[in-house]
Amino acid sequence: MRISDLITAEIQRLLDESDINTAEIQRNELANLIGCAPSQINYVLSSRFTPEHGYIIESRRGGGGYIKIRRVMMSHSSALMHIINSVGDSVDAMTARIVIENCLQSGLIEASAAKLMYAALSNNVMRCVPPILKDAVRAAILKEMLLTQI
């Protein structure tokens, strides 16, 4: 198991054990517990515990500093609308793939819908689109496809 997966699992465990869907951690302590660099904790928080994933991060620096991770519970349609609104006016192929993967992992879309989205948004399909428009077209298609899942 990769370090980032271990960090994610530990934070998820803390959230699951919480009655209020909140985990409070000290970055250095968690890094020591897992045996990694504190910067790896930052990476996991910034890539896997984002608002698009349904989390709110609050941090306080200093000697007694902490990081508070709160899981936001949303309805299916609210979660999808939040993701659609976060996509913006353009999205590259890798980011679109990550958005789809996150939707699949969180149960917002089915595997069959994810496969169609991967195919429709691939660079292979976009090769006919002028380079300056590719990411804008990809974002528009991704949003429309996600809207069909509401």
Side-chain angles (χ1 to χ4, degrees), residues 1-123 134-150:
M1 186 178 264
R2 297 183 321 198
I3 291 288
S4 56
D5 294 333
L6 291 171
I7 296 166
T8 300
E10 180 61 20
I11 294 171
Q12 289 290 354
R13 184 189 67 74
L14 292 169
L15 286 166
D16 291 342
E17 289 177 356
S18 170
D19 293 335
I20 57 173
N21 287 315
T22 301
E24 195 170 299
I25 61 169
Q26 289 194 313
R27 190 176 65 139
N28 290 336
E29 285 181 20
L30 183 58
N32 287 336
L33 175 73
I34 293 175
C36 67
S39 61
Q40 289 173 300
I41 306 292
N42 288 346
Y43 167 76
V44 169
L45 290 173
S46 65
S47 63
R48 298 187 184 188
F49 293 89
T50 64
E52 292 78 25
H53 291 100
Y55 299 93
I56 295 174
I57 304 290
E58 175 186 322
S59 64
R60 185 180 64 175
R61 297 189 184 272
Y66 64 86
I67 299 170
K68 188 183 290 186
I69 303 126
R70 186 165 39 116
R71 187 176 0 201
V72 180
M73 302 309 247
M74 289 188 235
S75 70
H76 180 266
S77 58
S78 293
L80 278 171
M81 284 309 297
H82 181 74
I83 292 165
I84 290 165
N85 290 329
S86 73
V87 168
D89 293 332
S90 71
V91 66
D92 61 31
M94 180 59 78
T95 303
R97 191 164 189 80
I98 291 168
V99 168
I100 296 164
E101 191 173 306
N102 291 335
C103 288
L104 180 61
Q105 287 177 352
S106 60
L108 294 173
I109 62 174
E110 298 292 325
S112 58
K115 284 181 185 179
L116 287 172
M117 290 179 189
Y118 289 141
L121 300 170
S122 71
N123 281 327
K134 282 183 184 184
D135 291 346
V137 170
R138 187 179 285 114
I141 293 170
L142 176 60
K143 288 178 185 180
E144 289 299 318
M145 293 182 95
L146 289 172
L147 277 171
T148 67
Q149 302 300 302
I150 293 178

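Values in this document were obtained by computation on a predicted structure and should not be read as measured data.
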What do the steps show when you test I11 against L30 for side-chain contact (heavy atoms from CB on, under 4.5 Å), and what is the final call?
CA-CA 9 Å; I11 294 171; L30 183 58; 4.1 Å; yes
Could you tell me whether a side-chain N or O of [X] sits under 3.5 Å from a main-chain N or O of [Y], the two making a donor and an acceptor?
{"X": "R70", "Y": "I56", "answer": "no"}
{"X": "K143", "Y": "N85", "answer": "no"}
{"X": "S18", "Y": "L15", "answer": "no"}
{"X": "T50", "Y": "S47", "answer": "no"}
{"X": "H76", "Y": "I150", "answer": "no"}

With side-chain contact (heavy atoms from CB on, under 4.5 Å) as the test, would you mind laying out the steps for E144 and I141 before giving the verdict?
CA-CA 5 Å; E144 289 299 318; I141 293 170; 5.9 Å; no
Should the pair R13-D16 be classified as a salt bridge under the 4.0 Å nitrogen-to-oxygen rule?
no
Counterpart residues, salt bridge (charged side-chain N to carboxylate O under 4.0 Å, His left out), relative to D89 (two or more places apart):
none
Answer with yes or no whether the side chains of R48 and S4 bring together a donor and an acceptor at under 3.5 Å.
yes
Please test I98 against E101 for side-chain contact (heavy atoms from CB on, under 4.5 Å), starting from the C-alpha separation and ending with a verdict.
CA-CA 5 Å; I98 291 168; E101 191 173 306; 5.6 Å; no
Between [atom1] on residue [X] and [atom2] on residue [Y], distance to nearest 0.5 Å:
{"X": "M145", "Y": "I109", "atom1": "CE", "atom2": "CD1", "value": "9.0 Å"}
{"X": "I84", "Y": "L146", "atom1": "CD1", "atom2": "CG", "value": "5.0 Å"}
{"X": "N123", "Y": "M94", "atom1": "CG", "atom2": "CE", "value": "9.5 Å"}

Within a radius of less than 6.0 Å around OH of Y118, do more than 12 heavy atoms belonging to other residues, nucleotides or ligands occur?
yes
Using a 6.0 Å cut-off, check whether atom CD of E24 has over 12 heavy atoms from anything other than its own residue.
yes
Assess the residue pair E58 and I69 against the criterion (side-chain contact (heavy atoms from CB on, under 4.5 Å)); give the C-alpha distance rounded to whole Å, side-chain angles, the decisive distance to 0.1 Å, and a yes or no.
CA-CA 7 Å; E58 175 186 322; I69 303 126; over 6 Å; no
